[in-house]
Engineer: 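Have a look at this one.
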Amino acid sequence: HMHHAASSESAARVAQDLERLFERALELHSEGDVLSAERSYLQVLNQDPKHVAALCNYGSILSDFRRDGERALAVLSRAVAADPSDAPSLASLAGALNDHAHRPDLAQNLYLKALHLEPSSEAVLFNYAGLLRRHADDLPAARSLLHKALLLHPDSEEVRGELLS
């Protein structure tokens, strides 16, 4: 019995270390140190290949920073497969499908799914509005999403800027 307790304790410690590593990756990412963040996300994924948030953020780096659409789509698809109800992953995959695969139709379905799961997500509302505006040429729908985003997130400079443009 002692052995069993020790192994679950060490498992808990490993999980804690992994979360700390992920937190560090997030910190680097938000500071704009994308290369270090990328390395840290990969270290997390090395230990836990189904870590949804790490897959999602690493996929975003591949999509937006490296402009590697093929790898971004593969990684973001893994994130969605690992947790089909994770709105940020759905939205990131939608963005990558739109940007790299030129499939606004598929992207729109994923955005709608993400909004259904997280109706107040600023990122989902903002990115979906961008898709409607640029690809569906549906300005009224885009503006109504942005207005909703601004009501929910009144301090968002990004949303305000998009509404004014």
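It should be emphasised that the depicted structure is a prediction, and the values quoted were computed from it without experimental measurement.
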Engineer: Please enumerate all residues that pass side chain to side chain donor-acceptor pair (under 3.5 Å) together with Glu27, with sequence neighbours excluded.
Structural biologist: Arg24
Engineer: Please identify each residue that fulfils side-chain contact (heavy atoms from CB on, under 4.5 Å) with Arg134, with sequence neighbours left out.
Structural biologist: Glu162
Engineer: Under the ring pair (Phe, Tyr, Trp, His ring centres under 6.0 Å) rule, collect the residues that match up with His100, sequence neighbours excluded.
Structural biologist: none
Engineer: In chain order, what residues pass the side chain to side chain donor-acceptor pair (under 3.5 Å) check against Asp105, with sequence neighbours excluded?
Structural biologist: Arg103
Engineer: Could you tell me which residues satisfy side chain to side chain donor-acceptor pair (under 3.5 Å) with Ser40, sequence neighbours excluded, listed by chain and number?
Structural biologist: none
Engineer: Does Tyr111 have any ring pair (Phe, Tyr, Trp, His ring centres under 6.0 Å) partners at least two apart in sequence or in another chain, and if so, which?
Structural biologist: Tyr128
Engineer: Suppose we screen for side-chain contact (heavy atoms from CB on, under 4.5 Å). Which residues come up paired with Arg39, at least two apart in sequence or across chains?
Structural biologist: Ser36
Engineer: For residues 114-125, which side-chain N or O atoms pair as donor and acceptor with protein atoms under 3.5 Å away, sequence neighbours left out?
Structural biologist:
{"from": "Ser121", "atom 1": "OG", "to": "Val124", "atom 2": "N", "distance (Å)": "3.2"}
{"from": "Glu122", "atom 1": "OE2", "to": "Ser156", "atom 2": "OG", "distance (Å)": "2.6"}

Engineer: Is there a side-chain contact between Arg160 and Leu150, using heavy atoms and a 4.5 Å cut-off?
Structural biologist: yes
Engineer: With sequence neighbours left out, write down each residue that passes side chain to side chain donor-acceptor pair (under 3.5 Å) with Asp86, or none if nothing qualifies.
Structural biologist: Ser89
Engineer: Could you name each residue pair satisfying side-chain hydrogen bond (donor to acceptor under 3.5 Å, both in side chains) that touches residues 68-83, not counting sequence neighbours?
Structural biologist: Tyr58-Arg71, Asp68-Arg71, Asp83-Ser85
Engineer: Can you list, pair by pair, the side-chain donor-acceptor contacts under 3.5 Å of residues 11-22, counting residues two or more places apart and other chains?
Structural biologist:
{"from": "Asp17", "atom 1": "OD1", "to": "Arg20", "atom 2": "NH1", "distance (Å)": "3.3"}
{"from": "Glu19", "atom 1": "OE2", "to": "His51", "atom 2": "NE2", "distance (Å)": "3.2"}

Engineer: List for me each residue that meets ring pair (Phe, Tyr, Trp, His ring centres under 6.0 Å) alongside His29, sequence neighbours excluded, and say none if there are none.
Structural biologist: Tyr41
